Protein chains: 2
Amino acid sequence: MLDLAILGLLQEGDLHGYEIRRRLRDSLGLMANISFGSLYPALARLETAGAVRGIEAGTASPLATGAAMGSLSGELAALRSKRTAIARPKKSKKVYRITDAGRGLFTELLAAPATSDDARGFSLRVSFAKYLTPELRIALLQRRRTQLQDRLSEVCAATKRDDLDVYARSVVDHTAQGVRQDIAWLDALLAAERERSSTDLTNPNPGGQVMAPVND
Amino acid sequence: MLDLAILGLLQEGDLHGYEIRRRLRDSLGLMANISFGSLYPALARLETAGAVRGIEAGTASPLATGAAMGSLSGELAALRSKRTAIARPKKSKKVYRITDAGRGLFTELLAAPATSDDARGFSLRVSFAKYLTPELRIALLQRRRTQLQDRLSEVCAATKRDDLDVYARSVVDHTAQGVRQDIAWLDALLAAERERSSTDLTNPNPGGQVMAPVND
DNA sequence: AATCGTTGTATCGAATCGATACATCTGTTA
DNA sequence: TAACAGATGTATCGATTCGATACAACGATT
């Protein structure tokens with residue numbers, strides 16, 4: 001799950017650990033703060049698997065001019081206004097770049113079965129849904145919808161119980177409300193998706209690339 | 001966190017592992033299905049700590065004393081009469097009972113600082129809020145409210161970003177909506193709490209509802 | 001110059017997950 | 001009746017994730 005998130009972020013540019021964490025927090029919006037105790041092992045894992053490559057940015061950076069600066073300049077340009085083209089990272093930063101194998105792993109994980117009751121995994125996949133084909137996108141949404149429907153049945157059954165005190169009942173009611181909200185959101189997404197597929201016959205998958213070959 | 005949930009459930013009667021899991025799912029409504037890989041270690045943990053006592057209710061249990069079996073049969077009879085259609089305790093079951101030390105641990109955990117961004121822990125505490133004093137109850141709700149307010153600021157900032165595609169934006173928007181919903185829920189709980197403390201001098205908790213049920 | 005907050009990498013133990021194994025009881029159907 | 005599927009029930013394994021902590025360089029404030 002973290003692997004998918006990391007690969008998805010690196011898909012759009014090289015990043016270092018701290019920045020990945022930040023983007024998971026506010027760019028992807030939802031994920032509770034990922035701890036470094038998860039993040040760094042995950043990065044090491046991915047590097048061992050050959051999905052990413054870590055580049056020490058402490059010395060003369062051999063690749064600092066390309067996509068690396070493209071993604072990092074927004075964050076770092078303000079700090080390094082003195083030097084424009086080449087970064088001068090005195091600090092020991094480790095920038096990670098996705099590999100071709102990593103891109104393959106990403107698409108594989110993105111379309112994966114998406115284990116049962118996982119809200120985080122689902123939101124994450126929707127965040128990266130532009131990398132999916134329209135069919136896989138709809139499949140993802142519908143899978144989640146049936147899951148939520150089942151969940152709603154359970155929670156509504158719990159609502160009917162008469163042995164709950166005010167507080168427990170309030171929690172259950174609020175939970176049911178949240179699930180309904182999620183289902184409504186899904187329905188809106190599905191409707192938009194069908195809308196898009198009906199009007200987009202000439203230009204499917206706009207702005208997204210399923211596989212963009214980049215030399216590595 | 002799991003310890004708190006287990007102790008809270010055992011507070012209302014002896015249970016065995018499978019049943020604890022079930023109640024966590026639909027009685028408490030919210031928790032994603034707790035895996036047995038968490039549950040049984042947690043029970044062993046609590047038993048080692050002296051917070052619960054496990055009673056073998058199966059065949060040929062050499063350590064089960066006659067006294068233990070005697071009291072156990074009474075408990076099992078009560079349990080069976082309550083849930084005849086659903087649960088039928090027959091053989092090889094291990095029923096857990098909370099101890100006095102466990103009750104102390106429960107109240108201690110229930111009033112604990114409640115680590116930063118934990119939605120599950122909060123809902124769990126609200127579910128058991130009837131065991132809290134009105135002051136601690138309000139403190140719990142207000143603590144959570146400021147957390148959610150901060151969270152909302154972050155998420156709203158993310159909403160303003162212009163580099164998000166439709167899907168990522170939809171996720172962020174929906175997340176923000178969810179946080180607002182949670183805050184509204186908290187406000188309703190807080191209002192009900194103040195209401196109760198002002199009118200409750202003679203008639204505590206008359207089986208009414210905290211808030212108007214939001215049906216649809 | 002001293003101190004504080006932010007950025008940044010890293011590791012440790014414990015909690016939790018997801019999968020799996022195995023055994024008993026119940027109801028259905030061949 | 002026998003076989004089978006499915007719920008109930010306990011338990012453990014490896015891998016993932018969490019929460020706390022340590023450390024270090026830098027910028028800004030005072």
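Residue numbers begin at 1 in each chain, while the letters A, B, ... track the order of the sequences. Everything numeric in this text was worked out from a predicted model, so none of it was measured.
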_Whole-Å distance separating the CZ atom of R21(A) from the P atom of dA10(C)_ = 15 Å
*Could you check how far CG of L39(A) sits from P of dT9(C), rounded to whole Å?*
9 Å
*asked:* I need the NZ-P distance between K94(B) and dT24(C), as an integer number of Å.
replied: 18 Å
*Residue list, ring pair (Phe, Tyr, Trp, His ring centres under 6.0 Å) with Y167(B), at least two apart or on another chain*: none
*With sequence neighbours excluded, what pairs up with Y40(B) under the side-chain contact (heavy atoms from CB on, under 4.5 Å) test?*
F36(B), L43(B)
*Measure from the side chain of H16(B), starting at C-beta and using heavy atoms only, and say which of dA11(D), dG9(D), dA10(C) lies closest.*
dG9(D)
*Not counting sequence neighbours, list each pair that qualifies as a salt bridge (charged side-chain N to carboxylate O under 4.0 Å, His left out) and has a residue in residues 32-47 of chain A.*
D3(A)-R45(A)
_Atom pair distance, as rounded to whole Å: CD1 in I20(A) and C1' in dG8(C)_ = 13 Å
*Is the closest basic N to carboxylate O distance between E12(A) and K130(A) below 4.0 Å?*
yes
*Ignoring backbone atoms, establish whether R45(A) has a side-chain N or O less than 4.0 Å from OP1 or OP2 of dT17(D).*
yes
*Could you state the CG-C1' distance from L2(A) to dT16(C), rounded to the nearest angstrom?*
15 Å
*Got a sec, which residues hit salt bridge (Lys or Arg N to Asp or Glu O under 4.0 Å) with D187(A), two or more places apart in sequence or on another chain?*
R145(A)
Identify each donor-acceptor pair in which a side-chain atom of residues 99-111 of chain B lies under 3.5 Å from a protein atom, sequence neighbours left out, and give them as a table.
from	atom 1	to	atom 2	distance (Å)
T99(B)	OG1	G50(B)	O	2.8
T99(B)	OG1	A51(B)	O	3.0
T99(B)	OG1	A101(B)	N	3.4
T99(B)	OG1	G102(B)	N	3.0
D100(B)	OD1	R103(B)	NH2	3.3
T107(B)	OG1	G104(B)	O	2.9

Report, one pair per line, the protein and nucleotides 11-13 of chain C atoms (nitrogen or oxygen only) whose separation is under 3.5 Å.
from	atom 1	to	atom 2	distance (Å)
dT11(C)	O4	G37(A)	N	3.4

*Establish, with yes or no, whether the OP1 or OP2 oxygen of dT8(D) is under 4.0 angstrom from a side-chain nitrogen or oxygen of R22(B).*
yes
*Can you figure out which of dG8(C), dA10(C), dT10(D) approaches the side chain of Y18(B) most closely?*
dT10(D)
_Can you measure L43(B) atom CG to dA15(C) atom P for me and round it to whole angstrom units?_
13 Å
*asked:* Check this one for me: any side-chain N or O of K93(B) less than 4.0 Å away from OP1 or OP2 of dG9(D)?
replied: yes
*Could you give the CZ-to-P distance, from R120(B) to dG19(D), as a whole number of Å?*
11 Å
*asked:* Taking R161(A)'s backbone N and O only, do any of them form a donor-acceptor pair with R169(A)'s side chain (distance below 3.5 Å, no angle check)?
replied: yes
*Atom CG of L46(B) to atom P of dA15(C): distance rounded to whole Å?*
10 Å
